[in-house]
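These notes concern the structure reproduced below.
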Amino acid sequence: MGLQRAFLSLTVALFFLLAPMTRSFAGMTVHYFDTHAGANTQRFLIEHAFPKVKSELGIEVAPTFSTFDSLSKLVREKGPNLDIDVMVIHPSNVAKMLRSPDHKYVDMRDHLDRVPHLKNVIPLFFDTILGAHNEGRAVPQWINFYGFLYDTNRISSPPTSFRKLIEQVNNGEFADQGKGRFGLISPGAKSAGGRKLIWSLLHALGCSFKFLEKPDPDEPVTWIEDDTWEPGWEVLRTMVRHKAIALPLVSSGSHLFNQFHTGKISASIYSADYFLWSMREGRIPDHFAVGNLSEGLPFSSSYWLIPADAPHLKAALALCDHMLSPDFQVAQFEHLFLLPSVRGNNVHQRLSADVYGKLTPTWEQLQETGVILGPPDAVRYIQAVALKKMGL
């Protein structure tokens with residue numbers, strides 16, 4: 001009987017020790033405010049990720065998908081009464097949030113006991129964010145990447161560099177009976193795709209992105225357009241003169257993809273992960289493909305922040321750890337083609353061999369050829385002046 005009693009006690013102890021954390025967070029709701037997720041990511045979170053969080057952790061995630069401006073207004077108005085546990089923010093806005101006097105954010109390094117997967121986060125995305133010192137507060141969710149998107153029926157020899165692309169433009173390969181076949185989102189549009197494309201071209205041609213120092217980081221920057229800017233602007237003007245760019249410019253990725261679908265354009269540079277997802281969904285014909293340009297195309301991430309006074313801090317930390325776990329990162333890739341923001345635990349070995357390294361770049365390839373967009377002021381400057389510079 002003594003042995004049976006001892007065995008029973010050990011079994012009960014192990015049950016409570018190894019039981020999922022549902023017991024701790026059952027019935028708890030985490031308020032999740034996302035300013036970055038597109039329609040495909042929202043669907044993945046609502047239909048797959050958050051139900052899994054509830055079944056494994058017992059946490060009910062209540063998402064709000066809105067704009068950064070809406071979030072900033074809430075932060076200013078509510079201050080310490082802000083009822084948000086987790087914020088998701090585009091990298092260009094992270095530094096703004098970290099500098100804001102209106103709110104403080106959790107240093108995740110102080111909570112490694114609750115977020116053990118944090119140690120696997122890729123340092124490139126965690127130590128600094130577009131030049132801003134992170135100090136452990138913003139955590140990367142995934143890595144997205146741009147690509148050269150093209151119609152294989154019309155382009156048999158896709159360019160492998162910006163210089164080859166420029167050569168093909170000059171040869172008239174993107175003009176068809178006076179109509180441009182290269183798609184471009186307006187650089188002044190809400191969607192950043194057009195200005196990222198222009199930034200990539202300027203970067204590839206050696207633009208220095210040099211600017212004057214400014215005493216207040218939130219003040220508009222004063223730019224010095226030295227000689228390194230002009231080659232890129234001239235290429236864009238050449239594309240307009242040679243009627244290579246499809247006009248009128250579109251205002252969003254959805255409109256760009258509609259141009260692909262209807263055959264109005266045969267190539268562009270845009271978010272490759274979203275393009276691949278759209279192909280799988282049947283929104284883009286399967287005779288399109290994704291290539292790379294050797295001088296580098298942008299890649300970036302999306303970031304979580306947890307307010308220091310989050311109402312459900314422990315549950316928010318558990319949610320973030322879950323979303324850094326290998327299972328979640330692999331599922332995110334399989335659903336959305338977004339690369340993991342973590343290393344280790346064989347996470348990359350678990351990615352589909354038919355997709356990873358074939359349809360998408362590997363992390364090693366991205367490190368070799370990809371470039372991190374920035375500084376944010378450069379992108380904002382391009383947004384303000386590009387149309388005039390292009391003669392549109």
Side-chain angles (χ1 to χ4, degrees), residues 38-40 144-187 189 191-198 200-201 204 235-236 238-299 336-338 354-361 365-366 369-370 390 392:
N40 60 332
N144 71 327
F145 54 97
Y146 268 47
F148 179 78
L149 318 177
Y150 66 99
D151 184 341
T152 60
N153 288 346
R154 294 181 178 180
I155 300 176
S156 56
S157 300
T160 55
S161 68
F162 271 104
R163 297 190 184 278
K164 182 64 176 176
L165 172 62
I166 294 165
E167 181 183 313
Q168 290 178 328
V169 167
N170 291 334
N171 291 338
E173 293 184 37
F174 291 100
D176 182 9
Q177 298 178 352
K179 294 180 181 179
R181 294 299 185 186
F182 190 88
L184 175 64
I185 297 172
S186 173
S191 169
R195 44 193 177 272
K196 286 185 178 181
L197 188 162
I198 293 170
S200 303
L201 173 63
V235 166
L236 289 163
T238 301
M239 292 182 78
V240 173
R241 286 197 301 269
H242 285 213
K243 302 187 185 308
I245 296 176
L247 297 175
L249 303 182
V250 293
S251 60
S252 70
S254 298
H255 290 107
L256 186 76
F257 286 6
N258 186 57
Q259 289 183 313
F260 276 123
H261 194 77
T262 58
K264 182 173 182 179
I265 62 174
S266 56
S268 187
I269 294 170
Y270 191 64
S271 174
D273 47 270
Y274 187 46
F275 187 79
L276 291 168
W277 177 85
S278 298
M279 284 183 65
R280 188 179 61 198
E281 293 289 304
R283 301 181 184 191
I284 301 289
D286 60 9
H287 54 81
F288 281 82
V290 177
N292 192 22
L293 302 179
S294 59
E295 298 94 341
L297 292 173
F299 64 99
L336 301 171
F337 299 94
L338 292 164
D354 293 331
V355 178
Y356 185 62
K358 292 182 179 177
L359 299 181
T360 74
Q365 290 168 337
L366 205 57
T369 63
M390 293 168 65
L392 292 174

Please list, chain by chain and in numerical order, all residues satisfying side-chain hydrogen bond (donor to acceptor under 3.5 Å, both in side chains) with Ser252, sequence neighbours excluded. His255

Can you give me the closest heavy-atom contact between Ser251 and Ala189, atom names plus distance? O-CB, 3.5 Å

Please identify each residue that fulfils side-chain hydrogen bond (donor to acceptor under 3.5 Å, both in side chains) with Ser254, with sequence neighbours left out. none

Does any non-hydrogen side-chain atom of Phe337 lie less than 4.5 Å from one of Asn144? no

Distance (rounded to the nearest 0.5 Å) between Leu165 CG and Thr160 OG1: 10.0 Å

Return the set of residues passing salt bridge (Lys or Arg N to Asp or Glu O under 4.0 Å) with Arg181 (not counting sequence neighbours), or none when no residue passes. Asp176

Could you check whether any side-chain N or O of Gln259 sits under 3.5 Å from a backbone N or O of Phe182, counting only pairs where one atom can act as donor and the other as acceptor? no

Where is the tightest heavy-atom contact between Leu276 and Leu359, given as atom of each residue plus distance? CD1-O, 3.7 Å

According to side-chain contact (heavy atoms from CB on, under 4.5 Å), who are the partners of Thr262, at least two apart in sequence or on a separate chain? Asn258, Lys264

ring-ring contact (aromatic ring centres under 6.0 Å, His included) filter on Tyr270, not counting sequence neighbours, yields Tyr146, Phe257

Asn40 CG to Tyr274 OH distance, which is reported to the nearest 0.5 Å: 5.5 Å

Not counting sequence neighbours, which residues clear side-chain contact (heavy atoms from CB on, under 4.5 Å) with Val240? List them please. Ile245, Met390, Leu392

Going by the rule side-chain hydrogen bond (donor to acceptor under 3.5 Å, both in side chains), which residues pair with Lys164 if we only count those two or more places apart in sequence or in a different chain? Glu167

Taking atom CG of Asn170 and atom CE of Met239, what is their separation to the nearest 0.5 Å? 9.5 Å

Residues in ring-ring contact (aromatic ring centres under 6.0 Å, His included) with Tyr150, at least two apart? Phe148

Suppose we screen for ring-ring contact (aromatic ring centres under 6.0 Å, His included). Which residues come up paired with Phe288, at least two apart in sequence or across chains? Phe260

Distance, nearest 0.5 Å, that separates OG of Ser266 from CG of Leu149: 11.0 Å

For Asp151, which residues count as a side-chain hydrogen bond (donor to acceptor under 3.5 Å, both in side chains) partner, sequence neighbours excluded? His287

How many angstroms lie between atom CG of Leu297 and atom OG1 of Thr369, to the nearest 0.5 angstrom? 7.5 Å

Might you work through the side-chain contact (heavy atoms from CB on, under 4.5 Å) test for Ser271 and Phe145, ending with a clear yes or no? CA-CA 6 Å; Ser271 174; Phe145 54 97; over 6 Å; no

Name all residues meeting the salt bridge (Lys or Arg N to Asp or Glu O under 4.0 Å) criterion together with Arg241; count only those two or more places apart in sequence or in a different chain, and write none if there are none. Glu234

Please report the closest heavy-atom contact between Ala246 and Ile265, naming both atoms and the distance. CB-CG2, 3.6 Å

Any pair with a residue in residues 272-286 that passes salt bridge (Lys or Arg N to Asp or Glu O under 4.0 Å), sequence neighbours left out, goes on the list, sorted by first then second residue, please. Arg43-Glu281

Shortest non-hydrogen contact from Ala289 toward Thr152: CB-CG2, 3.8 Å

Can you check side-chain contact (heavy atoms from CB on, under 4.5 Å) on Leu184 and Ile269, steps first, answer last? CA-CA 8 Å; Leu184 175 64; Ile269 294 170; over 6 Å; no

Contact summary for Val290 and Ala272, nearest pair of heavy atoms: CG1-CB, 3.8 Å

Do Ile185 and Leu249 pass the side-chain contact (heavy atoms from CB on, under 4.5 Å) test, and can you show the C-alpha distance, the side-chain angles, and the key distance before you say yes or no? CA-CA 6 Å; Ile185 297 172; Leu249 303 182; over 6 Å; no

Give, for atom OG of Ser186 and atom CG of Leu256, the distance between the pair rounded to the nearest 0.5 Å. 12.0 Å

What pair of heavy atoms forms the shortest contact from Glu295 to Ala204, and how long is it? CB-CB, 3.6 Å

